[in-house]
Each structure stands twice: as structure tokens, then as C-alpha cells.
Amino acid sequence: MRSCIAAGAVALSLLQGAAASAGAWQRKLSIMADMGLLPDGSPMDPAAFESALKFAKIGVAGGPPPPNDTIYPEYVELPLDNFAEDGDYAEEGTFFNRYWVSQSAYKPGGPVFLYDVGEGNAQPNALFRLQNVTSFFKQIVDKYNGIGIVWEHRYYGNSTPGPIDVNTPPEVFKWLTTEQSLADIEKFAKQFKRKNISTALTPDKTPWVMIGGSYPAMRAAFMRDKYPDTIFAGFASSAPTQASVDMSFYFEPVWQGMNAYGFGNCSTDIKAAIQYMDKVMEKPAAAIKLKEQFLGHGAGNNSNPTFADALTSFVNTWQGYGVDGGKQGVRSFCDWISTDPASNKTSPASGWAPTKGANFTVGRWSTFPPFVDMVNGYLESNCSKTTSEGVDCDLNKKFTDPASISWTWQYCTQWGYFQAANEGPHQLVSRYNSLAHQKDICHRQWPTAPRSLLPEWPTTHRTNAHFGGWDLRPSNLYWSGGEFDPWRTLSPLSGESFGPHPNAFTQPPKCGEEQDESEIFGFVLQKAEHCFDFRTTGVLSPDGGRSRGYFTAALDEWLKCFKPKKGGD
């Protein structure tokens, strides 16, 4: 169980300073879920962890896995502006980008695998990806006798031009774009080498394979499309490549999943409670009382939209855990609000509203034991229902977590993804959590930013025109998504009515063979949420191994057609 203890320590480091926008907070939880951990850092299923450990000990190819090497963080100096005219980078300067390398499995001719961490500090899980026997990334690096690289995105962790904090002026973020971050990988790859390996490891001589989930999955697809001479093949798990200001449909897979997993009564209870509270908040005095009922002293000073933000915290574990997630998970929440403590009976399929009234569920929700702590962690507040001393129940603060600040800049400028109210028959979010409120969060963070840097609304049309949105189909790329993954809604594999609905197939296409917009080499995992094919322990999908197998079957064939370019070393 030493690995469990180490992973738990990593989980605690992930939670230090945790906060912020829904995306950043959910990302932290998803990383912990990938490592087989609950939000509190404990193993989800110790028995399953031990089973995965025994499987991994025999090695992916049937033999024992190679011993781990000693890995230290390394840095490469890169220009802040990769697109400076005439290649003159002096005016804007440079920064140092952090990465980690494992070469314990390498044999001459093996590929270079790059795992992109994306919108977060890469340090807490870098060694897990490269050394832990339950890590899919390590398993695939070992299988192909490759070199494994964990890459940190510019403006995250230690890969920043300077300190990122609440006082960092907006001008500093001028070079935080997806375009610049992709060019970083291209420049890094062209100069990559190892002192004790004589084989040329640059992409012209060795195939590079990029693997990522979520935003990093988008980047794997974009790299294969924009820099095909750098990234030879890729695995894009849960990649929402279509930028969209409105992402109220984020909650549709949550509703569908809750019903599929047997929590339809709970989803009905939530809808009734939300619509009831929205009516209550129309009257200022009643709104104050409601907010204090949920969050205690001082909560009534918050606006209806910021309180609506707090109410969405029950769903933050969904993408990483589905209904599971320990004490803060949807299962625990539903068990609480759907149970009548007087009779110990659970609500029927129609919920409690028809018999007890929606206010009954509101009362249960407001007393859910972890709720205040969930809100405090999510919104960096200091609410309390047990004391008024030292309490600052302000739900409208700027984000202070560096990763949250950087990701907020990215989605507010380029990607949108505003998880606003999903009003309608499957409503789970208060109508006060509007698109306008989500936009205000962007400008709350940088109130003095000029529109030339921080637009009024994210420039999603420009983003999609540049990157291709969900019509993107580069060759040598495998796509996957989870049946109930909220981010699949903006993936080429989207199941929403407004999605592209290409014909998905799993027979590997030929090397270099692109698909048109009507087809895609990809697979939707049943009973899965976000990036579930990247995990071998914890909350699993029955299709996780199948999805990984589709990728490796394709990679087996694609690698055969790699031809080193002539010239050079």
C-alpha cells in the first residue's frame, strides 16, 4: 500500500489552495479520480487498487515492467511570443517551461510519448504518470519501449513568466493563448535529446505520440492538425474542441446519468428544489433568509447569482466520479436529500414534491453535512453555520489559486464554456446563474483589462475558425468520450441534438488516412464520465480497457509507417 500513501500525499498537495472556477476545481478532482483517489485523498476501492497493482506487475507485454528511474523536473527556455516577426524573440523575452522525463523503458527505435497536463500545476501528478504501475501512460510507454514526457502548459505551475496571483496585471497574460502553447511543444520537440542516448529523438527521426484528456486532448488533436511533422499520432480522450460561450448543456449528461444509474428521483427532487428557490429569491427578504439557511451568518449579503454558483457545488464531483465521490459525491448527496429521516424512506420516482412539497427537499439540501465545506472550497469563501466569529461568507471573490486564474483567462478570452443554468425539463441549476453572470466573473477578475486583451465575451467564433471546432479530423488520431461526460457535449462525439453526429468506427484507419466530417475514428465508453479510459483503478467504465485497446491497435499499425527524414544528425 505504499503507492496508496504516496498517492494520498499527492492528493493533499492538489487540494492546497484549491478553489476557483468550476473548470479548475473539477479538473483537480478529475486528476485525483485518475489516481484512484476520493476528494479527501483516500483510495476509492483498496481491493480494486490491489488488483490493478497485481496486473501491472506482470507488465503490459507479459514481462516485468522496467525499474523506475530517478526523475527530476527539467526546464527548457522558450520565447513568450513564438510568432515574433523574423524570429526576433528579444523584445518580448523568454520563460522557462517545466517538464519531466522517464527513459527507464527505452530501447533504440522506441517512440517518444508526451503526456500534456494542460490547465494545472503538473508537479503533483507528474511522477504518478511516469512511475506508478497503475498509470495508463506508464503502461503504454513501457509497452512500446518508449520515452515518457510529462509536459506543463505555459502559465501553470513553474512554467510562468513571473508570479501568477490575484494582483498579476492583465497585460502579463497577453501570451497565454492556445496557439502559443502549441508552438511551445513544437519548439521543445525539435531540440529534445538525452545525454546518455545517442539515437536522435527529435520528431524528424523518432515518432512522437501525444496523449491528453480534456483540454490536453484538444491540444493533442490541434498539434496533430497544425504540427503533423512534430506529433506523429495522438490519443484525444474527452476533447471538447468546439468553443462555445453557452455551455448550459453541460448538465444534460448529468441528468441523463443520474437517471441511468438509478437516481432519477434525486434529479427530480433537485429540479423541484431549484425552481422553488428561484421563486423564493424573487423577494429580497426571503432570499436573505434562504441564503443564511444554507450557509450561515453573512450569507444573505450575497447576490442571487453568486448564491446560485454555490448551489451548483453538488455536481462538481460528477465528471471525475459519476455518482461516486465519497462524502461529497452525488450518491451521498442524493441519499441525503431523498431520504426522510423521520420514516427512513426514500422518495419515489416523482420525488418528494408531490407529497411533501419542494421545501422539504430544500430543507434536506441545506442540512447536507459537507455542503458548507464544499462551497468554501469551490468559491474560496469562509462561510459557517456554527459561528459568526471570523466569518467572511463572500461568494463573489476573485480567484487566488494560480491555475484557476490562468484557466479563467483562457476560457474568458478563447473558449467560453460558461456553465450557466440549464432551464427546461431537466433543470439542475438556478436561473440566476445566467450567461451574463458567468461573463461578469471574467471581468470581476480583471476589471481594468482593455477589450483588446480581454474581450467583452469570449471570441469563440474566431477560435473555432482557427482550430476547426468539432469538424476537426486529423489523421493518426483516436478520439474517445464518456457516455455521461458533460464535456462530450462539445466533442466531435457529442450526443446532443446540435452536435455533428459523425459515424464513429473503431477499426483502425490506415496511417495518414484522414476522415471527412461524416466519420470519425472514435468510441463512446458506456457508463463513463470524463477521461475514464485513462484510469485502471478506482471508478471504472467497463469499456476502459476496450478504448485503450482501440488506440494501441491503431498505434501498432501507424508506427510501422513512420519514416525518419533524411539529413541532420
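Residue indices begin at 1 and follow the sequence shown. Reckoned from all heavy atoms, side chains included, excluding hydrogens, waters and symmetry mates. What you see is a predicted model; the values in this text were computed from it and never measured.
- Just one of Tyr378, Trp365, Phe368 meets the ring-ring contact (aromatic ring centres under 6.0 Å, His included) condition when paired with Phe314; it is Trp365.
- Considering CG of Asn464 and CG of Asp471, their distance stands at 9.0 Å, rounded to 0.5 Å.
- Taking the six-membered ring for Trp and the full ring otherwise, Tyr215 and His153 have centroids separated by under 6.0 Å.
- Counting only residues at least two apart or on different chains, the side-chain hydrogen bond (donor to acceptor under 3.5 Å, both in side chains) pairs with a member in residues 293-302 are Gln293-Ser366.
- Under the 4.5 Å side-chain criterion, counting only non-hydrogen atoms from C-beta, Phe333 is not in contact with Pro370.
- Between Trp318 and Tyr261, the angle of the ring planes lies from 30° to 60°, which puts this pair in the tilted group.
- Looking at residues two or more places apart in sequence or on another chain, you find a side chain to side chain donor-acceptor pair (under 3.5 Å) between Asn396 and Arg444.
- In this structure the side chain of Leu395 reaches within 4.5 angstrom of the side chain of Leu295, judged on heavy atoms.
- In this structure, the ring of Tyr417 has its center less than 6.0 angstrom from the ring center of Trp487.
- The minimum heavy-atom distance between Arg219 and Asp116, with the atom names listed, is NH2-OD1, 2.7 Å.
- With sequence neighbours left out, the side chain to side chain donor-acceptor pair (under 3.5 Å) criterion links Asp392 to Lys397.
- Tested against Trp409 for a ring-ring contact (aromatic ring centres under 6.0 Å, His included), the candidates Phe173, Trp415, Phe399 yield a single pass: Phe173.
- Just one of Gln419, Gln427, His426 meets the side chain to side chain contact (heavy atoms under 4.5 Å, CB included) condition when paired with Phe251; it is Gln419.
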